[in-house]
Novice: 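Please find one structure pasted underneath; my questions will follow.
Everything numeric here is computed off the predicted structure, so don't read it as measured data. Naming: A, B, ... by sequence-line order, numbering from 1 per chain.
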Amino acid sequence: MPDVTLTVDGKKLTAPAGTLLIEACKSAGIEIPSFCYYPNLSLQGACRMCLVKIEKMPKLQTACTTVVTEGMIVTSDNEEVRQARKSMVELLLGNHPLDCPVCDAGGECELQDMTFSYGAAESKYMEAKNHKDEQQWSPVVFFDRPRCILCYRCVRVCGEGMDVWALGVQNRGVSSIIAPNKEDHLECEECGMCIDICPVGALTSGAYRYKTRPWEMKHVGTICTHCGDGCKTTLGVRRSDSGMEIVRGDNRDKSGINNDFLCIKGRYAFDFAHHPDRLMQPLIRKNGKLTPANWEEAFELIGKRFAEIRDHDGMIGVVGSSRITNEEAYLLSKFARVVLKTNNVDHHRTADFPALAAALSGKPDSTATMREVYDAPAILLIGNNPTDQHPLLAWQIRNNVRLHRSRLYLINSQTIKLGRQAAGFTQIPAGTEGKVAAYLAGDDAAVEAIITEKNSRETWNALREKLRGEQKLVIIFGSEIRGNDVAVLVKFGSGVHGAKFVCLADYANSRGAADMGLYPDLLPGYHRVADTGKFHDEWTSIPATTGLTLPEMVDAAKASKLKALYVVGANPIGRLGLDPFLFSKTFVVVQEMFLTETAFMADVVLPAANAYEKSGTFTNTCGDLQILKKAGEVTGTKSDFEMIVRIADAMGFDVHKLVPFGAGERTDMGQSRGAQSGEADRHAVWLEARGLEPKMSPLEPTAILDEIQRLVPGYDFSRINLLAGNDQHTTLANSGPGAIQKPELIVPANDNLFSSGTLGRYSKALHSVMESRTQQTSEVAAD
Amino acid sequence: MASLVSHPDEVKVVSRRFGQGATNIDRYLELDGYKAVQKAFAMEPDAIINEVKNSGLRGRGGAGFSTGMKWSFVPKQSAKPKYVLCNGDESEPGTCKDRLIFEHDPHAVIEGVMIAALAVGSQTGYIYIRGEYRYLSIIMQKALADAYARGFLGKNIFGSGRDLDIYWHGGAGAYEVGEESALMESLEGKRGIPRIRPPFPAVVGLWGGPTVINNAETLASVPHIILGGAEWYAKVGTPKNGGTRLFCLSGNLEKPGVYELPMGYNLRKMIYEVGGGIPNGRELKAVVPGGSSTPVLLPEEIDISMDFDSVAKAGSMLGSGGVVVLDDTNCIVKFALRTMKFYRHESCGWCIPCREGTDWLEKTLTRFHAGGGLKKDIDNIQYLSENMLGRTFCPLGDAAAMPTIAFVKKFRKEFEDHLEGRPCPFERAGAVEQLPVLA
């Protein structure tokens, strides 16, 4: 639309026609206060804070509902306007309890800020305030009615943003109240967006309330460790006896790919980090019992045993994790090949990235970012239920449809909630996703398997034609599409102008684990182990034969062939339901936060730090690379990175060859560790004892980032952008050849909104929500 | 059922069929019923609109906007259906005219809606009746059923080839819904909360379609204009204020009731001649000229012509035609409190100034009237009202603020008489529980 020119406070502005006055002013650096106006939510005009003087209008006008027009002359700040705003604040404060000293929002409250800006410091109010008792709506949502200023942000974000519609307004006039959908409690997705968006302390979080004053927290912007979407979260961190305690997660600064969105897991389920069952010291099995030990003893034992087994050609298996950082996954992959001299490396695979790499090799710009999912003019989603498994992706799709009128095509064997946004929903028989791919790619015979009573051959034909005619279609698929089907789907996509792909994996760094080569047949960047190339030059002596997959390692253990098993942040025994005695002849080392089924039968258990307690990078399911910032350190734990390096060292391996350090421009970020945890800077002491340069630590993950950037295709990102906290897209276009692996190796996590693998098991917040659900007899939120 | 009153000065147009049994469709037809709409069939839509424009008919709901103009804003072509709405949510205290129309002449409203529908090209009309007027909705339902039975409504009405459906809809007891956009929300089954304007209903109204919404009295006037001609109707009133209006006289009067008088009728005459003056030899103290939301007039201000422009010039509003007369036994503070109580109760709560302002004012006035007032309260009442005025989402806030400002300005002395713990001078001793004076 053409631009219009207007004058605000004597300043000439131009803005596209159709822009709201409040937004035009914001772009020009003129702040118009508001409570009820919130970008991308429907307009209310209810709080009357944004009143401005517009020439030729007898009354003050609300800037949030006024569209700019050519020649408009606006005064955003004069005596009349300021008095109007002041009186609004006075009116609000009349019935407001003014319990700021104990209110969670105190210090970051928009009502406080407005009062500060517009005066209203003298109270004219002498009447008794209307009191209403506080209510608990769910284990994590509390509502303090007197504090509510009725801006309706919560109602709108729940309805329009989340498509849950669990909040509404009851009564009228001064008795108006925000009310939950089930009389006295909420039944919803518990995303907590209502709490986050509340400008005052009316809606408070069960996890955070009355725990701290906002200014007593340190704020650390990092990445959520739960699903594969990679939401940026700002952790509110306090010091505690064990080093630090995370008390809050939000993304109020709207940085990152998720704007202000977080789901229940991102917002509350950081509490696993402080679970009392958390392992705080190494355990060594002595006389059949896991016994507390010190770190040096543990590393010495592991080093000695691993070296012995390796040197006697004993079989060693390595199981990595989808929740360790890229640096850790890369290091583990390298450690296995270079130090343990084995390709027996695997991890819990939840999506077929090797097949995607194979299909997209040589195709630039063929994967979509999470941001593009929000902007794409059309989206095809095959399989998966993002509302449960990829809450951010669901949010992006939903709001793209709502705000940009994107066309969403859904193909699923289940009726999923996103169907409400879909331009077309096509239900298919379970397990026929591959046939859909084949049909779309042109195999007309494949239609037989997907014709149902509702969807005839003609329906499918029409859908295929429609999809072929779309531009910039983003094709999103779940783990239902795997193996050869991925290539078939990509074949269809290459016939659609500007089509891009998103492959959905379940854990925070599933994509990274795949990219960094936690596979028995693939090195980082989807290079095959047998291929000679730069990895052979740099890593030297990589075993040339394909190693064992996890099920094969299990078989080897059954046959008493597996001599050692090194498990980093995984729980194969629990997940696969294995007999723990299978590994009684295997030397098992487990790096874990908790005594999982696997850790429980290990010979050595090393207490690990989680993603909130270390730095590094994560790659989300779309391929967006983001930086993790350490919130702090919990005493008694170490990062997986440090433990891998220490084990290599204990095995007598030259650490310089594993982690290039001691040269280059990196500085040691680990210097702050001692101060954080309140104990001696122990790794500096360790470096000193070995005559290493204290400023260039091999225990600092960034030490290996140069190598990743150099060797892993697609990871040639800007370091400055990364450190600045920006997301960068990694592509698969130049990756190695990838592989078509056995499809049965891919097992979706099947987590829902309220579960999250091992982390979820130790989250009180998730548990409390689950428990309150099971107690409810009435139906749970519609589809 | 209200008993009817009359006065020789009355010009009976809208009230012509009152008391004539016109709820019966045959009787209505005898009394020239449904002739106007048949005449309108022969007219071009623009001609109907022009006729209404030329009649000088202005909205009888209170705002006084030209009805013909309003109709002319509806786009000729529309992808969405167009609607005609009759606003029968008569709720302004002091106003009781629409209920007489519904009670005595429901077919006139239906006919008005039909003519409006012809003028703007609509095939659907709604008659929205105040929730408390349940008995009137029963009359209306019968009238609609009779009209359908005669083929006046439904498919191919009057054999014209045109279809027109009219439905009635009951309110749920909210003053706020008298505001046109809130009425549409209510009609759509939502909370009765006004909408952001623009867009105006003529462009985006009910269910997003172009919508004409008029007061019941306005629509009931339309058939008479079509039959009698614009010129005749305009001549009845004053220039720019065509026709007659139903004035609801209430309060301390000898002969209260609803009188149909020409626009521009003198207010003093209305009180002392039509209304029979103040009973029991009392003196006139104040007049609320157009329903509870209009600023009060003093006895020396009542020599005015009751038309939209003259009353506005006098600093008040003609409003909905509810003339409330107060004699000198009335306490203005109590009257202000009673008024505020109503607006506090009826505020929809959507915007801050109205929701919080009416609550605050009611609490302060309650305390004040009970003798707990402080001098600064008087200024505060005025301050609060002035800060509500013109800043609320819809006119309800203004409706609460305007009279309050006038009460304080014009009766400051009476407010001061309540100070220092003194009991209300107009109450019997002990009738109001005395509050302690706050420091």
Novice: With a 4.5 angstrom heavy-atom cut-off, could you sort out which part of B:Glu176 is near chain A: side chain, backbone, both or neither?
Specialist: neither

Novice: Would you find more than 12 non-hydrogen atoms of other residues, nucleotides or ligands less than 6.0 Å from A:Phe116 atom CZ?
Specialist: no

Novice: Checking heavy atoms, do the side chain of B:Asp379, its backbone, both or neither come under 4.5 Å from chain A?
Specialist: neither

Novice: Any chance you could measure A:Lys59, atom NZ, to B:Thr392, atom OG1, to the nearest 0.5 Å?
Specialist: 6.5 Å

Novice: Of the listed residues (A:Pro58, A:Gly45, A:Ala128, A:Gly94), which shares the most heavy-atom pairs with chain B below a 4.5 Å separation?
Specialist: A:Gly45

Novice: Any chance you could measure A:Arg85, atom CZ, to B:Arg391, atom CZ, to the nearest 0.5 Å?
Specialist: 11.0 Å

Novice: Are there over 12 heavy-atom neighbours, none belonging to B:Lys334, within less than 6.0 Å of that residue's NZ?
Specialist: no

Novice: Would one find more than 12 heavy atoms of other residues, nucleotides or ligands at under 6.0 Å from atom CZ of B:Arg134?
Specialist: no

Novice: Give, for atom CD1 of B:Ile196 and atom CG of A:Leu43, the distance between the pair rounded to the nearest 0.5 Å.
Specialist: 5.0 Å

Novice: Any side-chain heavy atom of A:Met126 within less than 4.5 Å of one from B:Asp377?
Specialist: yes

Novice: Is chain A contacted by the side chain of B:Thr358, its backbone, both, or neither, given a heavy-atom distance below 4.5 Å?
Specialist: neither

Novice: Nearest 0.5 Å, please: how far is CD in A:Glu90 from CH2 in B:Trp360?
Specialist: 6.0 Å

Novice: Starting at CD1 of B:Ile193, measure out to CZ of A:Arg172 and round the result to the nearest 0.5 Å.
Specialist: 11.0 Å

Novice: Quick one: does B:Trp350's side chain have a donor or acceptor within less than 3.5 Å of a partner on A:Gln44's backbone?
Specialist: yes

Novice: Pick one of side chain, backbone, both or neither for B:Asn380, based on which atoms fall under 4.5 Å of a heavy atom in chain A.
Specialist: side chain

Novice: Identify the two heavy atoms, one from A:Asn130 and one from B:Lys363, that lie closest to each other, and give their separation to 0.1 Å.
Specialist: OD1-NZ, 2.9 Å

Novice: Count the heavy atoms of every other residue, nucleotide or ligand shown that sit under 6.0 Å from NZ of B:Lys240, and state whether that count exceeds 12.
Specialist: no

Novice: How far does CG of A:Leu92 sit from CD1 of B:Ile352, to the nearest 0.5 angstrom?
Specialist: 3.5 Å

Novice: Verify whether one side chain among A:Tyr125 and B:Glu356 offers a donor that lies under 3.5 Å from an acceptor in the other.
Specialist: no

Novice: Counting only heavy atoms not in A:Glu31, do more than 12 sit closer than 6.0 Å to its CD atom?
Specialist: no

Novice: Taking atom CD of B:Glu188 as the centre, does the number of heavy atoms from other residues, nucleotides or ligands within less than 6.0 Å exceed 12?
Specialist: yes

Novice: If you tally heavy-atom pairs under 4.5 Å against chain B, which of A:Asn171, A:Val169, A:Leu51 wins?
Specialist: A:Val169

Novice: Which members of residues 193-203 of chain A, sorted by number, sit under 4.5 angstrom from chain B on a heavy-atom basis?
Specialist: none

Novice: Among A:Ser87, A:Ser175, A:Cys36, which residue forms the greatest number of heavy-atom pairs with chain B at distances under 4.5 Å?
Specialist: A:Ser87

Novice: Counting only heavy atoms not in B:Lys375, do more than 12 sit closer than 6.0 Å to its NZ atom?
Specialist: no

Novice: Taking all heavy atoms of B:Gly349 and all of A:Ser176, pick out the closest pair and write down the distance.
Specialist: CA-OG, 3.9 Å

Novice: Taking side chain as everything from C-beta outward and backbone as N, CA, C, O, which of these in B:Tyr343 sits under 4.5 Å from a heavy atom of chain A? Side chain, backbone, both or neither.
Specialist: neither

Novice: What pair of heavy atoms forms the shortest contact from B:Arg355 to A:Ile149, and how long is it?
Specialist: NH2-O, 3.1 Å

Novice: Please indicate whether A:Lys56 has more than 12 foreign heavy atoms, meaning atoms of other residues, nucleotides or ligands, lying under 6.0 Å from its NZ.
Specialist: no

Novice: Please state whether the side chain, the backbone, both or neither of A:Glu80 comes within less than 4.5 Å of a heavy atom of chain B.
Specialist: both

